[in-house]
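Everything below concerns the one structure shown next.
One-based numbering, in listed order, for ligands and for the atoms of each. In what follows, every heavy atom counts, from backbone to side chain, and hydrogens, waters and symmetry copies are set aside.
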Amino acid sequence: MTILTNIGQLATCPPGAVQQDAGLINDAALVFEDDKIIWVGREQLVPEHFVTQRPIDCGGRLVIPGLIDCHTHLCFGGWRSDEFEMRLQGRSYQDIAAAGGGIRSTVEATRSDSAKQLLEKSLRSLKGILDLGVTTIECKSGYGLETTAELKQLQVYRQLSQQQPVDLIPTFLGAHMVPDEYQQQREDYIRLLCDSLIPLVGKEKLAKFCDVFVEEGAFSINEAREILCAAAKAGLGLKVHADQLSSGGGAQLAAELAAVSAEHLEYADENGIKALAEAGTVAVSLPLASLFLRERYLPARQMLESGVRVAVATDFNPGSAPSYHLPLAMTLACVNQQMTPQEVLMGATTVAAQAISAEQRIGSLLPGFDADIAIIDAPTVNHWLYHFQANVCCGVVKSGQWVRELS
Ligand code: NIG
Ligand code: FE
């Protein structure tokens with residue numbers, strides 16, 4: 001049994017609570033045993049029988065649930081710094097993609113890298129991710145776009161799960177775009193996805209979710225519907241990359257299919273937002289993608305006021321969001337999406353857990369939840385997200401184990 005004392009502020013982040021209220025307790029303590037939390041509350045109320053020989057003193061710091069990055073493209077070959085420069089000179093993301101760059105160039109690099117190279121590169125990222133206090137990430141395929149390379153990415157995720165402490169929740173994104181060799185036969189690629197790859201991924205349990213990029217130049221609403229229906233049949237949960245660069249009805253499709261989440265949504269309109277609210281689909285905001293593409297930010301206030309829960313994630317990928325810094329995404333969500341620090345923290349904990357259907361197990365510091373905990377060197381949630389620093393996480397517990405010793 002471990003008892004953490006002298007917690008200046010504890011954010012419990014209760015599941016299902018209104019997003020504005022992160023369940024803060026000042027001058028708190030927390031007790032965990034094995035991999036579960038067994039008690040939280042005001043330190044002066046700690047039951048006698050929990051008082052052990054050597055409590056761990058948190059020094060008045062902030063304690064939060066281990067952060068959850070519910071949208072990443074962790075495994076990819078190469079980088080695209082040349083495109084960064086081109087965009088700064090005025091070329092658009094879509095322009096560059098149409099000219100042969102973009103996702104296509106990462107597909108080439110990912111196909112040619114070995115599983116070992118991809119694994120080692122992802123492992124380095126995961127080390128940095130854990131250091132920031134992130135204990136669970138969702139991670140997508142989608143840079144293979146052919147059977148062997150898609151499976152290679154998903155196998156890398158499976159191996160990574162066994163080699164380091166961050167929990168990986170894999171998503172199949174074979175419908176990221178139509179690969180070059182199928183440009184003249186789109187329908188054949190959709191058949192490959194629906195009749196072969198998706199059933200295989202479902203059967204081998206290589207992914208928990210299926211995602212589709214709905215956008216001009218990627219997949220239409222009708223194509224996405226067909227792919228997602230095949231995924232539901234194969235036992236996968238549903239996600240949609242929707243309304244990122246234009247308003248195309250992606251949010252409505254996510255709602256229609258009761259997808260667990262719709263992601264991006266920078267261009268979501270009133271009807272899309274209403275549909276998400278009615279379906280209870282989580283909106284996943286990706287402020288780093290807006291930052292790097294110099295695009296608009298998701299209309300978070302309108303969403304929250306309409307009853308849509310808004311998660312905050314990085315979208316880490318080599319094109320639109322070349323950073324896995326979730327706390328930076330969180331500060332950007334405050335400044336550019338007008339979310340309060342508590343709403344943002346909920347968005348990167350219990351609401352993010354909801355976006356991967358895990359909100360009954362992780363994302364909250366309450367008895368019965370997994371002991372996934374980050375200790376942050378800041379006095380309060382407000383102060384943490386306002387005084388942005390490179391990394392103020394100073395201790396991480398994953399499933400009851402100290403994976404980063406308290407410093
Ligand atoms: O989420 N929108 C589609 N996919 C990624 C970008 C992928 C890339 O540019 O490599 C995203 O932004
Ligand atoms: Fe993405």
Side-chain angles (χ1 to χ4, degrees), residues 69-84 86-87 91-111 113 118 121 125 137-145 149-150 153 169-180 207 209-219 224 227 239-248 250-251 254 259 261-268 282-298 311-324 326 329 332 352 355-356:
D69 192 344
C70 67
H71 182 139
T72 82
H73 304 252
L74 176 71
C75 173
F76 52 84
W79 290 94
R80 306 215 304 263
S81 52
D82 51 335
E83 290 181 14
F84 180 52
M86 282 154 81
R87 284 203 307 277
R91 304 244 343 239
S92 76
Y93 179 77
Q94 296 96 311
D95 255 11
I96 294 168
I103 295 171
R104 194 178 270 111
S105 80
T106 301
V107 167
E108 213 172 291
T110 308
R111 285 180 179 178
D113 273 5
L118 293 171
K121 182 176 178 187
S125 299
I137 67 166
E138 183 259 13
C139 43
K140 301 175 196 292
S141 68
Y143 288 126
L145 309 187
E150 281 294 308
Q153 281 190 278
I169 310 296
T171 292
F172 177 67
L173 179 58
H176 202 180
M177 62 171 264
V178 175
D180 280 348
F209 296 97
C210 180
D211 193 347
V212 177
F213 185 21
V214 178
E215 191 64 58
E216 226 178 283
F219 293 87
I227 295 161
K239 292 176 166 286
V240 185
H241 270 70
D243 303 324
Q244 178 183 9
L245 305 163
S246 58
S247 183
S261 64
E263 341 257 315
H264 281 288
L265 299 169
E266 289 84 346
Y267 284 81
V282 175
V284 178
S285 67
L286 303 164
L288 289 166
S290 300
L291 177 78
F292 282 101
L293 296 185
R294 296 191 296 147
E295 264 289 349
R296 65 162 81 167
Y297 287 78
L298 154 153
V312 179
T314 63
D315 196 18
F316 176 45
N317 75 73
S320 64
S323 168
Y324 51 67
L326 185 54
L332 287 171
I356 51 170

Check: [Y] and [X] side chains under 4.5 Å, non-hydrogen atoms:
X      : Y      : result
Glu138 : Glu263 : no
His241 : Val214 : no
Phe213 : Met177 : no
Val178 : Phe219 : yes

_Count of N, O or S atoms belonging to protein, less than 2.8 Å from the Fe ion (ligand 2)_ =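 Protein heteroatoms (N, O, S) closer than 2.8 Å to the Fe ion (ligand 2) number 4.
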Quick one: ligand 1 N/O to protein N/O pairs below 3.5 Å?
residue	atom	partner	partner atom	Å
ligand 1	1 (O)	His73	NE2	3.3
ligand 1	1 (O)	His241	NE2	3.0
ligand 1	1 (O)	His264	NE2	2.8
ligand 1	1 (O)	Asp315	OD1	2.9
ligand 1	1 (O)	Asp315	OD2	3.0
ligand 1	2 (N)	Gln244	OE1	2.6
ligand 1	4 (N)	His176	NE2	2.8
ligand 1	9 (O)	Arg80	NH2	2.7
ligand 1	9 (O)	Tyr93	OH	2.5
ligand 1	10 (O)	Arg80	NH1	2.9
ligand 1	10 (O)	Arg80	NH2	3.3
ligand 1	10 (O)	Tyr143	OH	2.6
ligand 1	12 (O)	Gln244	NE2	3.3
ligand 1	12 (O)	His264	NE2	3.4
ligand 1	12 (O)	Asp315	OD2	2.9
ligand 1	12 (O)	Ser320	OG	2.5

Applying salt bridge (charged side-chain N to carboxylate O under 4.0 Å, His left out) to Glu266 and not counting sequence neighbours gives none
Exercise. When the ring planes of His71 and His264 are compared, do they come out parallel, tilted or perpendicular, using 30° and 60° as the limits?
Worked result: perpendicular
Using 30° and 60° as the class limits, which term best fits the ring planes of Phe76 and Phe316: parallel, tilted or perpendicular? perpendicular
**Study point:** Pi-cation contact, Tyr93 with Arg87 (under 6.0 Å, within 45°)
**Key:** no
Taken in chain and number order and not counting sequence neighbours, the residues that satisfy side chain to side chain donor-acceptor pair (under 3.5 Å) with Tyr297 are Asn336
